[in-house]
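The next block holds one structure in the form of structure tokens; read it before the comments.
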Amino acid sequence: MAAVPAIAIRDIRKKYASGFEALAGIDLDVAPGEIFALLGPNGAGKTTLISIICGIVTASSGSVSANGYDTIRDYRMARKQIGLVPQELNIDSFETVWNTTCFSRGLFGKSPDPVYIEQLLRDLSLWEKRDNKLITLSGGMKRRVMIAKALSHQPRILFLDEPTAGVDVELRRDMWRMVRKLQSTGVTIILTTHYIEEAEEMADRIGVINNGRIILVEDKSKLMQKLGKTQLLLKIQHPLSILPAELSAWDLTLSDDGTELTYTYDSQADGTGIPTLIRELDSIGVEVRGLQTKQSSLEDIFVNLVRSSS
Ligand SMILES: Nc1ncnc2c1ncn2[C@@H]1O[C@H](COP(=O)(O)OP(=O)(O)OP(=O)(O)O)[C@@H](O)[C@H]1O
């Protein structure tokens, strides 16, 4: 029997009171232990979807379960499974780091575990600050506390909504390290991000959401393979002022200074056409002095996808 998905989303729709339809029927399964990155432009519906899964926003219709617990019918059990690091910092309090983290654990009905909390604060470089009041911490430190709170009850599923927006390099690196460590203990991680390189670096699978619809879900490496175009850069011996008319059938662009031709081709196709192109260039007297290939990045793929679905 297949394992119960960590998250199972069925036909989730959300129309806000304003009449705006933020989600127009979302179906998605995330497997246990997976790192899933949800990408989408501003206003695509990412936060709305996460808020529905975490029980902060009510869906207009559809259902969600977390480790098999329905997020409405079995709200308490479902919520226990989940840790959420929200986008907004909401912890300007006079409490200490230690108390806030322990209190957060208590809210989920978990008995105190000072050994676990100590390790958590150490992992997040917060141990030295454990007696500091939150209000005295820097923005980056507050974000670390948000993560400590989200992990205080040892959730099996962690949501990170724009975890590294506006954080420094060190925190971003710590966060990535922590995500990998959590994954190694079987925790499922779902993150939204605007940083494509973050998804490229971290995710096992990528989902792209636009205008309240999931337009693609794919294994990261397959996505790169399937949609990734390869480009061949041809350095030209004698600069060209315009692209010769004889080459109009080819997907070629000429650099502004006329010294480089870029040929874009589908690396999955049977033939790339490169030998024919080189022969044609030769026959019209365009001398090539160097070649270089370039793989399109996840960022190129993402921009093209969103553009063509809008
Ligand atoms: N309470 C609300 N009432 C009405 N519309 C809302 C409400 N909350 C969000 N929206 C709208 O729903 C859409 C989706 O918003 P959401 O915050 O889910 O997007 P997002 O993908 O997380 O965007 P971002 O990347 O900017 O955080 C937006 O157009 C937003 O203006």
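Position 1 is the first residue of the sequence, and the numbers go up from there. Since the structure is predicted, the reported quantities are computational estimates derived from the model, not experimental observations. As the structure lists them, so they are numbered: ligands from 1, and atoms in each ligand from 1.
Atoms of ligand 1 lying under 4.0 Å from any heavy atom of T48, numbered from 1 in the order shown and given with element: 14 (C), 15 (O), 16 (P), 18 (O). Of all the atoms in ligand 1, the ones that sit under 4.0 Å from a non-hydrogen atom of A44 are 19 (O), 20 (P), 21 (O). Here is the list of ligand 1 atoms found below 4.0 Å of a heavy atom in Q87: 27 (O). Less than 4.0 angstrom separates some heavy atom of K46 from each of these atoms of ligand 1: 18 (O), 19 (O), 20 (P), 21 (O), 22 (O), 23 (O), 24 (P), 25 (O).
In terms of N/O distances under 3.5 Å, ligand 1 is not approached by G40. For G43, a nitrogen or oxygen atom sits less than 3.5 Å from a nitrogen or oxygen atom of ligand 1, counting backbone and side chain alike.
Using the six-membered ring where Trp is involved, W98 and W127 have ring planes that are perpendicular, over 60° apart on the 30 and 60° scheme.
Of all protein heavy atoms, the one closest to atom 26 (O) of ligand 1 is N42 ND2, 2.8 Å. Taking atom 30 (C) of ligand 1 as the reference point, the nearest protein heavy-atom neighbour is F20 CE2, 4.6 Å.
Residue contact check for ligand 1: G45 places a non-hydrogen atom closer than 4.0 Å to it. Heavy-atom distances between E162 and ligand 1 stay at or above 4.0 Å for every pair.
A salt bridge is absent between K15 and E21; no separation between the charged side-chain nitrogens and carboxylate oxygens falls under 4.0 Å. Salt bridge K220/E200: absent, no basic N to carboxylate O contact under 4.0 Å. D174 and R177 are joined by a salt bridge, as a carboxylate oxygen and a charged side-chain nitrogen come within less than 4.0 angstrom of each other.
For atom 7 (C) of ligand 1, a protein non-hydrogen atom is found at a distance below 4.0 Å.
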Verdict with reasoning, R10 to D29, per salt bridge (Lys or Arg N to Asp or Glu O under 4.0 Å): CA-CA 9 Å; R10 297 288 173 267; D29 277 0; 2.9 Å; yes
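With hydrophobic clusters built from ILVMFWY side chains whose heavy atoms lie under 4.5 angstrom apart, L240 shares a cluster with I284.
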